[in-house]
Every structure is written in structure tokens, then in C-alpha cells.
A.B. asks: 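Here it is: the structure, laid out below.
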Amino acid sequence: MPELSKNYEPSTLESTLFESWQAAGYFQRDAAGFADAQLPPYTIVIPPPNVTGMLHMGHALNNTLQDILTRRARMQGRPTRWVVGTDHAGIATQNKVEQKLAGEGQTRFDLGREAFVEACWDWRREYGSTIISQLKAMGCSCDFSAEQFTMDPNYAEAIRKVFVDWYRAGLVYRGLRIINWCPRCTTALADDEVEHADVAAHLWHLRYPLVEPVGGVEYIVVATTRPETMLGDTGVAVNPADERYAALVAAGAKVRLPLVGREIPIFADDYVDASFGSGAVKVTPAHDPNDFEMGLRHDLEQINIFTEEAVVNTNGGAFAGQTREQARESVLAALEEQGYLDHIEEHNHSVGHCYRCDTVIEPWASEQWFVAMRQLAEPAIAAVRDGRVVFHPRRWENVYFNWMENIRDWCISRQLWWGHRIPVYYCDSCGWSDAASEDVTVCPQCGAAVRQDEDVLDTWFSSQLWPFATQGWPQDCGDLKANYPTQVLSTARDIIFLWVARMVMSSMYFLDGQVPFEDVIIHPTVLDKHGNIMSKSRGNGIDPMELIRDFGADAMRFGLAIQVTGTQDMKFDREKLKVYRNFATKIWNAARYVLMNVEDGDWQRYGSSGGLGDTGEKVAPLAATDADRWILSRLARLVAALEEDFSAYDFGAAARALYAFFWNEYCDWYIEFSKGQLALGGQARIAAQRNLVFVLDCALRLLHPMMPYITEAIWQELPHGDCRPSLMVAAWPAPADFAQYIDPAAEQTVDGLCAVVSAVRAVRARYGISPKQELDVVVRTSGEDAAATAAALLAQEPQLAGLARTASFNAAPDAAKPEQSSVTIEQGLEIYIVLEGLVDFAAERTRLQKEREKKQGELDKLSRKLANEGFLAKAAVDVVEKARADADALASELAQIDEQLASL
RNA sequence: GGGCGAUUGGCGCAGCGGUAGCGCAGGUGCUUUACACGCACAAGGUCAGCGGUUCAAAUCCGUUAUCGCCCACCA
């Protein structure tokens with residue numbers, strides 16, 4: 001029999017195992033031929049990490065969950081594929097490459113568009129596989145043989161089809177709007193790409209002098225958080241119902257804009273909240289979305305005062321050339337000097353920041369491309385409403401609905417170079433323009449040369465196609481048809497809008513109303529151990545690669561999975577992974593024990609995987625003792641529980657059940673029972689060997705999705721008889737096959753046996769009795785089946801002798817209480833341990849008295865309950881019966897204790 | 001302004017209508033021939049506060065407090 005080293009060393013095994021899996025083709029959809037074609041296929045598409053990305057804890061968690069689902073489905077025999085790839089990540093990648101160029105003293109403009117895009121491809125070739133190799137280190141069983149990229153040629157074709165179709169349908173349009181402009185990235189951003197943060201700021205109250213005083217009033221005070229934008233003001237708005245300003249509005253009063261001299265109107269608009277600030281708003285249509293709307297309503301001029309880097313342009317007169325920050329200071333200084341600054345208030349408000357570089361967003365009026373969303377949203381709302389797509393936990397559906405029902409048009413053009421270029425062509429000679437799925441070089445109307453739109457598409461415009469564009473759409477849809485919709489999408493809550501919602505919309509539009517996935521798992525956010533978000537700026541991030549190095553990939557995966565409950569956050573402390581590293585070692589050592597003790601088993605008839613015979617039959621359990629029946633019963637219950645937990649995507653519950661079964665039942669008790677049983681020889685020994693192997697084999701199968709490496713390493717050495725070459729493709733234990741092992745009688749007997757063993761151990765510990773001192777033990781059974789219980793317990797004497805070091809053991813319904821003995825009442829058993837001459841009974845008396853008080857308290861509580869007529873009348877029958885039985889049991893236990901106290 | 005999550009022994013978490021569980025840490029004792037990354041035993045909680053529903057509430061409802069997240073055009 002092979003031997004395993006004393007401690008499990010993850011780093012020595014992980015990469016070898018991974019390579020062997022990959023070489024065998026297990027990661028591709030049934031490439032190795034072990035799947036059952038009759039079963040429904042199982043597909044997951046990975047949320048594509050940015051090519052610029054490094055694995056972080058969010059990825060580690062998310063991909064652990066996806067791999068658990070993928071591996072389990074594969075073991076269930078379903079033709080399974082986990083589609084993997086990366087996202088070109090427009091802004092993120094462009095920023096990286098620009099940084100690299102900056103290090104060489106260059107800008108993208110020095111290179112020009114074509115060379116810069118080529119530099120991005122170079123960057124991708126050089127660094128883009130980092131995160132893929134990190135996924136491999138985690139043990140992720142993705143289909144790496146067909147890695148996808150959102151800039152692949154087939155993907156570009158998908159993009160063009162979507163854009164052109166939507167353009168023709170009028171869903172993609174171009175328009176002048178206030179958009180979110182990042183002056184550092186010099187591009188537009190979608191509303192969802194802006195992150196708002198509350199900042200402590202000021203509300204400056206400015207005096208705008210009237211051109212002509214009205215009724216003695218010489219100026220109007222406006223309140224603003226952005227005084228520098230006053231350079232672009234083209235109006236002052238007040239609420240129509242605001243009596244303070246009614247006269248000014250009625251008179252058609254104008255103000256002369258300080259520092260600028262422009263005459264601008266005062267007008268009334270419902271948007272203005274009379275109770276805020278001074279009740280009068282300066283209106284800057286080119287730099288504020290609300291002002292823009294008001295400007296349209298009141299026909300105001302839009303004066304853009306900033307360049308694309310947010311430097312004041314020539315419209316800012318004397319302030320031209322200053323940054324917006326400098327301009328704020330100098331404008332305020334000038335206003336104050338000229339007496340236009342009325343007063344200043346403290347004011348907190350929320351300021352938008354670029355989600356890629358955290359620069360403050362500048363609302364900016366410009367021509368951009370948009371997608372009209374309302375029409376796309378409607379079927380997507382219905383799909384979640386009627387359960388074609390289900391979120392887990394369900395509450396996230398409300399977040400989805402809330403966004404969908406208040407959806408706004410999506411700004412999809414980006415002033416970047418890295419990305420899918422907008423396929424719209426313009427002829428400057430005759431004014432023709434159109435979207436086209438094939439490149440256009442000459443104008444179809446006049447034959448002149450045409451130019452393509454300069455902008456590229458938002459990265460999310462391509463990501464929204466991920467579930468189908470990665471599976472052949474729009475060209476070769478055979479694979480797609482067979483495997484769509486996908487089963488599960490697992491992701492973080494922060495991209496429910498950016499990504500999840502848009503995938504549902506585009507999939508339903510282009511694939512005949514089909515949803516892209518059936519279940520959406522929104523996993524918790526991984527926080528640091530104090531509950532703070534992990535971030536670069538805080539420096540509190542944890543590198544999963546270090547965890548893999550220090551604890552092993554299996555321990556990391558298990559430690560993450562066990563923390564997944566329905567909650568929205570998980571605090572993560574790397575030191576806690578020690579527990580799961582210890583668990584891995586425990587599994588390893590249990591396997592060592594099994595291998596050391598099964599060499600002479602009856603393996604001749606079983607399959608060849610363990611190298612011990614070759615008839616292709618798997619090792620079957622053999623129930624010779626109640627301990628055997630007990631562990632098989634417990635295993636069957638575990639298999640059933642896991643089925644429920646996985647169906648509900650309750651990874652934490654599944655992990656806890658596995659941990660408890662393996663450690664507290666298999667190791668703590670069954671392996672201990674097996675020691676005595678092995679020593680007996682004969683059929684009992686054969687049974688123990690078979691069951692040790694069978695249960696370990698099943699446990700490894702059940703643990704494999706969470707801990708793929710250690711389970712495979714052990715399984716390869718175990719004489720389980722399964723002819724499959726890898727645990728990855730071995731069969732998942734099905735509840736239907738295990739239900740036959742459920743055996744309540746054996747469970748009751750072994751629970752009783754364990755209670756006796758624990759009672760003896762407790763007595764030894766309490767009185768300092770040597771483990772070598774053999775003790776006499778008597779158990780009195782009670783209840784209807786007292787005789788049967790006693791007989792079953794008596795049959796456990798060999799186990800008991802080994803585990804509790806008993807000299808003699810008797811169990812009977814009417815067993816006499818030995819003199820000078822300790823009594824423990826557990827599991828309905830009165831357990832007497834003879835202590836004559838061994839202990840000072842004063843201590844035992846004290847203990848018994850304490851025990852008595854406790855039991856009396858419980859009985860009092862129960863009695864009160866049973867005296868309550870409401871309880872008797874309204875509680876369920878079985879609950880009342882149980883209460884009665886418990887009360888009877890407690891009463892007799894108390895009587896026993898009293899008797900015992902009297903005898904001491 | 002809306003919505004959501006969390007609040008259970010020193011710490012990290014389960015449980016989510018019928019007498020409080022787990023793991024760490026801490027205590028005591030163990031070279032029990034798989035494992036000290038271990039074994040055994042013991043100790044530790046009025047389940048954030050208040051009110052309600054119920055025969056029965058950590059568990060359901062309302063409310064308050066604290067911490068955190070998201071959404072919203074707070075000039």
C-alpha cells in the first residue's frame with residue numbers, strides 16, 4: 001500500500017495535479033468522454049477579469065464558488081464547461097499603457113493612434129496572462145483551451161452586429177448632452193461609472209447685481225458650490241412661487257454677471273427649491289445637468305468654459321489657462337475684492353469621481369452616442385419577475401428592479417483609443433453617414449473618402465455580450481444553441497447594473513428572448529478583519545497568491561466557501577486559514593491511517609485504480625457492526641444535506657456539514673471505533689477496512705469541489721476500486737443511492753455508546769483517574785424499548801472496552817446502581833461508573849447537587865409549560881408529547897440523583 | 001430623501017418559531033502506535049434596547065440605537 005508523507009505539503013502537489021488534469025482534457029466540455037450525454041449540459045461563464053488585473057480576494061471568492069459548482073456538475077456527469085477569458089478593459093488598460101509611456105517620456109499622442117493601439121496589444125501579450133495563471137494556481141477548472149478575449153475578431157463581429165442592429169432600430173443614437181467627463185482620462189463616462197463621495201465643502205453666496213434696480217433692490221444672491229463655473233453662467237433661476245423674487249421675474253430683470261459683464265436673465269423654473277440656499281440658482285447650462293435642462297427650457301446660451309482637461313478656456317477671459325481648482329480660488333478672490341461675495345456656509349454634498357482614476361468628474365456638454373434603454377429594459381424586468389432569472393439571495397432582485405425601472409439612456413462613446421471603434425462612417429463631402437458592419441472606405445453616395453467615428457465603445461458594451469459572444473455568436477451558433485442559457489452567473493453586487501442587467505437585456509434582444517443565465521449568485525464582499533473594504537489606498541488588501549503559498553489553495557478555497565452565508569459582507573482574517581490548513585492536514589492524516597490499515601483487505605474483486613485487482617467493481621460498504629451502520633447512516637444524511645445546500649447555493653452550510661462530518665464523526669468516532677474492530681480480525685476487520693475506504697472515498701468526492709487538490713492526491717492512492725482515472729471525473733454521490741443506509745436504530749445505539757464513553761472520560765478528567773485504570777460501568781436503560789436498547793449497548797462492549805478502558809460493562813433495564821459510583825444521565829441512559837476506593841465522594845456530592853439544580857430548573861420550566869392550558873390546546877401534538885416525555889425523563893433523572901445523593 | 005445588510009460567550013461566525021451551537025483564543029489533563037496543524041475534559045451567553053403578535057420569539061412584526069453598503073439632478 002502506498003504511503004503518504006506525515007504532513008500535507010500543498011506546494012509540492014498542486015501544480016503537478018493541475019497540469020495532469022489539464023493534459024487529460026477534463027476542463028473541456030466532456031473532452032475526456034466521461035460525461036453522460038443524456039444529462040443537461042452545465043455552463044458557467046466567468047466574469048472576465050480585466051487583462052490588467054491581478055487576482056484579489058473578490059476574484060478568489062467568486063472563482064472558488066464557480067469552480068465548486070463546475071466541479072460538482074462535472075462529477076454529476078453533466079457535460080460541463082466553464083468559459084474563461086479576459087476583458088480588454090478600455091480605460092484601465094489605456095491608463096496602464098499611458099503610464100508605461102510616461103515612464104519613457106512619451107504620450108499616446110507622440111505615438112499616434114495606430115502605434116498606441118499596437119502598444120496596447122503588446123502590453124496585453126506581455127502581462128495579460130497573469131490573472132489567468134493565478135486562476136490556474138487556485139485550481140479553477142476553466143476551459144483554458146478556448147480562452148476568450150473581448151477584442152478577439154469574432155467578438156468584434158458581435159459588437160458590430162449589435163451596434164448596427166440597434167442603430168437601425170433607432171436604439172443607438174447620437175446626441176448633445178451633459179455627460180460625465182473625466183478630465184484625466186479625457187473621456188466620457190456612463191452614469192454608472194461615476195462614484196459619488198460625500199465631501200465637506202462650502203456653499204458660497206454671491207451677489208449678482210441687477211442691471212436696473214427693481215423696487216430698490218440692487219442685487220440678487222445666488223448660492224453655489226462651484227463658484228468658478230460662474231464664468232459660464234447664462235441665467236439666474238428662482239422658483240415661480242417664491243414671492244421674494246416675483247417682482248424681479250415679473251419685471252424681466254437681468255443681472256450683470258460679475259467679472260464677466262454679460263447681461264443674463266432672471267427667470268422662474270419649478271426645478272428650483274426655494275428653501276435651499278438663497279432660493280436663487282446661477283445657471284450654467286454647459287456644466288451642470290440640471291442647468292442644461294433649464295437652459296433648454298428657457299433657451300439659454302451654453303457657454304463651455306473648460307478644455308477637455310478642465311482648464312479654463314478662452315471663454316473664461318482673464319481666468320483662461322487656470323485649472324478648475326486654481327480658477328475657484330482666483331474667481332473667489334476677485335469676487336470678494338469687488339464686493340460680490342455675500343457670505344459662506346459650510347455644506348456637505350456628494351461629488352462624482354471617475355471609477356478608474358478617482359479624478360473629480362466634470363459635467364460637460366458634448367456630442368455622444370447613447371443607447372435608448374427603456375424598450376430593452378421591459379423584457380429584462382419581466383424575466384426576473386417571472387423567475388426565468390433568479391437572484392441568490394433574492395433580495396438583490398429589488399436592486400435590479402429599482403435600476404431597471406428608473407433606467408436612463410446609456411452613454412456608450414468613449415474618447416479613448418483602446419477599444420472597439422464605433423462603426424459609423426461620415427462623408428465630409430456630401431454629408432452621408434451610416435453605421436456599417438463591414439469597413440467602409442468610400443462614400444456610397446458620392447464616392448469620396450469617408451472617415452470613421454473617432455470614439456470607441458464603452459467596455460461594458462462589449463461585456464454585455466459575454467455569455468453568447470464567447471460561445472460562437474453571431475457566426476457559429478451550434479454550440480451556443482446546445483448550451484444556452486448558461487446555468488449560473490456568479491458576481492459581486494457592484495456590477496449588477498454595469499454588467500448583469502445589460503447582459504439580460506442584450507441577450508433577450510438578440511437571442512429571441514432567451515435569458516443569458518438562470519441563476520445569479522451575488523456573493524458577499526470580502527472585507528478586512530476589521531470590516532473595512534479592501535483597497536489600494538488603505539493598503540489592507542490580501543494577496544490570494546500569498547494565501548495559496550502559505551496555506552494551500554484548498555485551505556483558501558474552503559476558508560472562503562465556509563464564510564458564504566446570505567449576508568452581504570464577510571470579514572476575512574488570513575490567520576483564520578490556519579483552521580482550514582489544519583483541516584487539510586486532518587484529512588491527510590485520516591487517509592494515512594486508512595492506508596496503513598487496509599493492506600490485507602478483500603480487494604481482489606474490486607477495480608484497478610488502487611492497483612489491487614481488476615474486475616471493475618467499486619468498493620462496497622459492509623455493515624458488520626452498529627458502528628458501521630452508524631457511519632454509513634451519517635454519510636447518507638450528509639449526502640442529502642449537501643444536495644439541499646448546493647441547490648440553494650448555501651456554500652457555507654455545505655462546507656460546515658463537510659467539516660463536521662469528516663472531523664467529528666469520521667475521525668473522532670468512526671476511526672476510533674475501527675481500531676477495535678480491526679483488532680478483532682475476521683469479518684469485523686474486513687468490514688472496517690471496506691467501510692474506512694468506502695466512506696473516505698465518498699467524503700473525498702464530496703469535498704473535491706471545495707478542496708480539489710488534496711482530495712485528488714489522496715484518491716489516487718486509495719483502493720476505492722473506481723476505474724475512472726481521476727476524482728475530477730468520478731461520480732458524485734447521489735442521495736437516491738445513499739438513502740438505503742439511513743439507520744435511526746444504529747444512530748441511537750452509537751449515540752448511546754458515545755455518551756457512555758464521554759461520561760467515563762469526564763469522570764477520569766474530573767477525578768484525575770489514570771487512563772490506565774480500568775473502570776466498571778453499568779448502564780440502566782429506560783423507556784418502552786429499554787430491553788432492546790440495553791441489548792444493543794451490550795453488543796458494543798468491545799468498542800467500549802477500547803475507548804473507555806472498562807474492566808466490565810453491563811446494561812439492563814433494571815440494572816442495579818452500584819454503591820460508590822458516579823451517575824451521569826445522558827441520551828436517556830443512567831450511566832454508573834464505579835469509583836469505590838478511587839475518589840473523595842464529597843466532590844462527587846457537590847457535583848451531583850449542581851447537576852440536580854440544573855435539571856430541576858429545566859423541569860420547572862417544562863412543568864410550567866405543561867400547566868399552561870394554552871400550550872396544551874394550541875401547540876402541535878408532537879410538541880406536547882415531547883414536552884411530556886421530557887418532563888417524565890427529567891423527573892426520573894431527578895429521582896435517580898436524589899437516590900444517589902442519599903447513598904453517598 | 002429612499003432601499004438593504006449587520007448587531008448571538010474575549011474574537012470570528014452558525015442557527016431564523018418549540019429548553020442557545022461551532023471554530024479560534026483562554027483553562028485543565030494527555031508521547032492513547034493517523035494527526036500536538038493533534039486528543040480528551042471543563043468553563044464561558046438575560047441572542048443590541050424597547051414595544052407587539054403567539055400557548056411559545058435569538059428566530060415573526062413595529063420602533064430606537066450603533067456600524068456598514070447601495071440608489072437619488074442636496075444649486
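Naming: A, B, ... by sequence-line order, numbering from 1 per chain. Worth saying up front: this structure is predicted, and the values here are computed from it rather than measured.
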A.B. asks: Tell me if a side-chain donor or acceptor on N406(A) pairs with a main-chain N or O of N402(A) at a distance below 3.5 Å.
C.D. replies: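 Here the side-chain-to-backbone pair exists.
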
A.B. asks: Heavy atoms only: give me the nearest P258(A)-L335(A) pair and the separation to one decimal.
C.D. replies: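 Taking every non-hydrogen atom into account, CB-CD2, 3.8 Å.
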
A.B. asks: Say we look at G68(B) and U63(B): how far apart would their P atoms be, to the nearest angstrom?
C.D. replies: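 Taking atom P in both G68(B) and U63(B), they lie 22 Å apart.
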
A.B. asks: Taking the side chain of A765(A) as heavy atoms from C-beta outward, which of C37(B), A34(B), C41(B) is closest to it?
C.D. replies: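 The answer is C41(B).
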
A.B. asks: Is K675(A) touching bases, backbone alone, or none of the nucleic acid, heavy atoms closer than 4.0 Å?
C.D. replies: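 The answer is base, as K675(A) lies within the cut-off (heavy atoms under 4.0 Å) of a base atom.
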
A.B. asks: Please tell me if R408(A) has a side-chain N or O lying less than 4.0 Å from either OP1 or OP2 of A72(B).
C.D. replies: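 Affirmative; the distance criterion is met.
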
A.B. asks: Given atom CD1 of I562(A) and atom P of C24(B), what is their separation to the nearest angstrom?
C.D. replies: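 I562(A) atom CD1 is separated from C24(B) atom P by 11 Å.
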
A.B. asks: Nearest whole angstrom, please: distance from the C1' of G68(B) to the CG of D528(A).
C.D. replies: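 So the two atoms are 12 Å apart, to the nearest Å.
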
A.B. asks: Across the strands shown, which category fits R493(A) at heavy-atom distances under 4.0 angstrom: base, sugar-phosphate, nothing?
C.D. replies: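 Sugar-phosphate contact only.
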
A.B. asks: Is T565(A) close enough to A14(B) that one of its side-chain N or O atoms is under 4.0 Å from OP1 or OP2 there?
C.D. replies: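 T565(A) to A14(B) OP1/OP2: side-chain N or O found under 4.0 Å.
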
A.B. asks: Under 3.5 Å, side-chain donor or acceptor atoms of residues 868-884 of chain A against the rest of the protein: list the pairs with distances, not counting sequence neighbours.
C.D. replies:
residue	atom	partner	partner atom	Å
N868(A)	OD1	G870(A)	N	2.8
N868(A)	OD1	F871(A)	N	3.4
K882(A)	NZ	D886(A)	OD2	2.9

A.B. asks: Relative to the 5' end of RNA chain B, which residue comes earlier, V757(A) or F276(A), by the nucleotide with the nearest heavy atom?
C.D. replies: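 That would be V757(A).
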
A.B. asks: From C-beta outward on N402(A), which listed nucleotide comes closest to its side chain: A75(B), C74(B), C71(B)?
C.D. replies: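 Nearest nucleotide to the side chain: C71(B).
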
A.B. asks: Could you check which of A6(B), G38(B), G23(B) has an atom nearest any side-chain atom of K586(A)?
C.D. replies: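 Of all the options, the side chain of K586(A) is nearest to G38(B).
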
A.B. asks: Sequence neighbours left out, what passes ring-ring contact (aromatic ring centres under 6.0 Å, His included) with W669(A)? Give chain and number order.
C.D. replies: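 Scan of W669(A) (ring-ring contact (aromatic ring centres under 6.0 Å, His included), adjacent residues dropped) gives F673(A).
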
A.B. asks: Only Watson-Crick and G-U wobble pairs with both distances less than 3.5 Å should count. Give RNA chain B in dot-bracket notation, marking inter-strand partners with |.
C.D. replies: ((((((((.[[[[.)..(..]]]]..((((.......))))......[[[[[..)....]]]]])))))))....

A.B. asks: Return yes when atom CD of E644(A) has more than 12 non-hydrogen atoms of other residues, nucleotides or ligands closer than 6.0 Å, and no otherwise.
C.D. replies: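 Atom CD in E644(A) is not packed in, count stays at 12 or less.
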
A.B. asks: Without decimals, in angstroms, what is the distance between D860(A) CG and U19(B) C1'?
C.D. replies: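 Distance, rounded to whole Å: 12 Å.
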
A.B. asks: Measuring only the P atom in each nucleotide, how far is C4(B) from C61(B)? A whole number of Å is fine.
C.D. replies: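 Approximately 12 Å lies between the P atom of C4(B) and that of C61(B).
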
A.B. asks: Give a yes/no answer on whether the side chain of K571(A) brings an N or O atom under 4.0 Å of OP1 or OP2 in C13(B).
C.D. replies: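 Affirmative; the distance criterion is met.
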
A.B. asks: CG of N589(A) versus C1' of C39(B): gap in Å, rounded?
C.D. replies: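 Between C1' of C39(B) and CG of N589(A): 13 Å.
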
A.B. asks: I'd like to know if D550(A) and R574(A) make a salt bridge, using a cut-off of under 4.0 Å between side-chain N and carboxylate O.
C.D. replies: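 Counted as a salt bridge, because a side-chain N and a carboxylate O are separated by less than 4.0 Å.
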
A.B. asks: Using the P atom on both, measure G3(B) against G15(B) and round to a whole Å.
C.D. replies: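 Here G3(B) and G15(B) have their P atoms 26 Å from each other.
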
A.B. asks: Among the nucleotides C37(B), U54(B), C74(B), which one has an atom lying closest to any side-chain atom of R581(A)?
C.D. replies: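 Ranking C37(B), U54(B), C74(B) by closest atom to the R581(A) side chain puts C37(B) first.
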
A.B. asks: Report, one pair per line, the protein and nucleotides 42-46 of chain B atoms (nitrogen or oxygen only) whose separation is under 3.5 Å.
C.D. replies:
none

A.B. asks: Return yes if a side-chain donor-acceptor contact under 3.5 Å exists between R592(A) and N589(A), otherwise no.
C.D. replies: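 Side-chain D/A pair, R592(A) to N589(A): present.
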
A.B. asks: Expected output is a numbered-order residue list: members of residues 288-298 of chain A with a heavy atom under 4.0 Å from any atom of RNA chain B. What is it?
C.D. replies: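 RNA chain B contact set from residues 288-298 of chain A: N290(A).
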
A.B. asks: Select one nucleotide: of U54(B), C37(B), G12(B), the one nearest the side-chain heavy atoms of K874(A).
C.D. replies: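 For K874(A), the side-chain atoms sit closest to U54(B).
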
A.B. asks: In whole angstrom, what separates N582(A)'s CG from G23(B)'s C1'?
C.D. replies: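 For the pair N582(A) CG and G23(B) C1', the rounded distance is 11 Å.
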
A.B. asks: Expressed as a whole number of angstroms, how long is the span from Q568(A):CD to U7(B):P?
C.D. replies: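 To the nearest whole Å, that distance equals 11 Å.
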
A.B. asks: In whole Å, what is the span from the CD atom of E9(A) to the C1' atom of C37(B)?
C.D. replies: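 To the nearest whole Å, that distance equals 11 Å.
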
A.B. asks: Looking only at non-hydrogen atoms, find the nearest pair between L13(A) and A713(A) and report the distance.
C.D. replies: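 Shortest heavy-atom separation between L13(A) and A713(A) comes out as CD1-CB, 3.9 Å.
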
A.B. asks: Write down the distance separating the C1' atoms in G1(B) and G21(B), rounded off to the nearest Å.
C.D. replies: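 Their C1' atoms lie roughly 41 Å apart.
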
A.B. asks: Within residues 659-674 of chain A, which residues have any heavy atom lying less than 4.0 Å from an atom of RNA chain B?
C.D. replies: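 When residues 659-674 of chain A is checked for heavy atoms under 4.0 Å from RNA chain B, the hits, listed by number, are W663(A), C667(A), D668(A), I671(A), E672(A).
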
A.B. asks: Between Y593(A) and K675(A), is there a cation-pi geometry (under 6.0 Å to ring centre, at most 45° from the normal)?
C.D. replies: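 Yes, a cation-pi geometry holds between K675(A) and Y593(A).
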
A.B. asks: Give the rounded distance in Å between these two atoms: CG of D550(A) and P of C37(B).
C.D. replies: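 My rounded result for the distance is 16 Å.
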
A.B. asks: Distance criterion of 3.5 Å, no angle test: do you see the side chain of K578(A) paired donor-to-acceptor with the base of C37(B)?
C.D. replies: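 No, the side chain and the base share no sub-3.5 Å donor-acceptor pair.
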
A.B. asks: Please say which of L300(A), T234(A), V283(A), I178(A) ends up in a side-chain contact (heavy atoms from CB on, under 4.5 Å) with D291(A).
C.D. replies: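 Only one of L300(A), T234(A), V283(A), I178(A) forms a side-chain contact (heavy atoms from CB on, under 4.5 Å) with D291(A), namely V283(A).
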
A.B. asks: For the side-chain hydrogen bond (donor to acceptor under 3.5 Å, both in side chains) test, which of K282(A), R328(A), R324(A) pairs with T229(A)?
C.D. replies: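 Single pass found, and it is K282(A).
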
A.B. asks: Kindly assign one of parallel, tilted or perpendicular to the pair Y400(A) and F391(A), based on the angle between their ring planes and the thresholds 30° and 60°.
C.D. replies: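 Because their plane-to-plane angle lies in the 30° to 60° range, the rings of Y400(A) and F391(A) count as tilted.
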
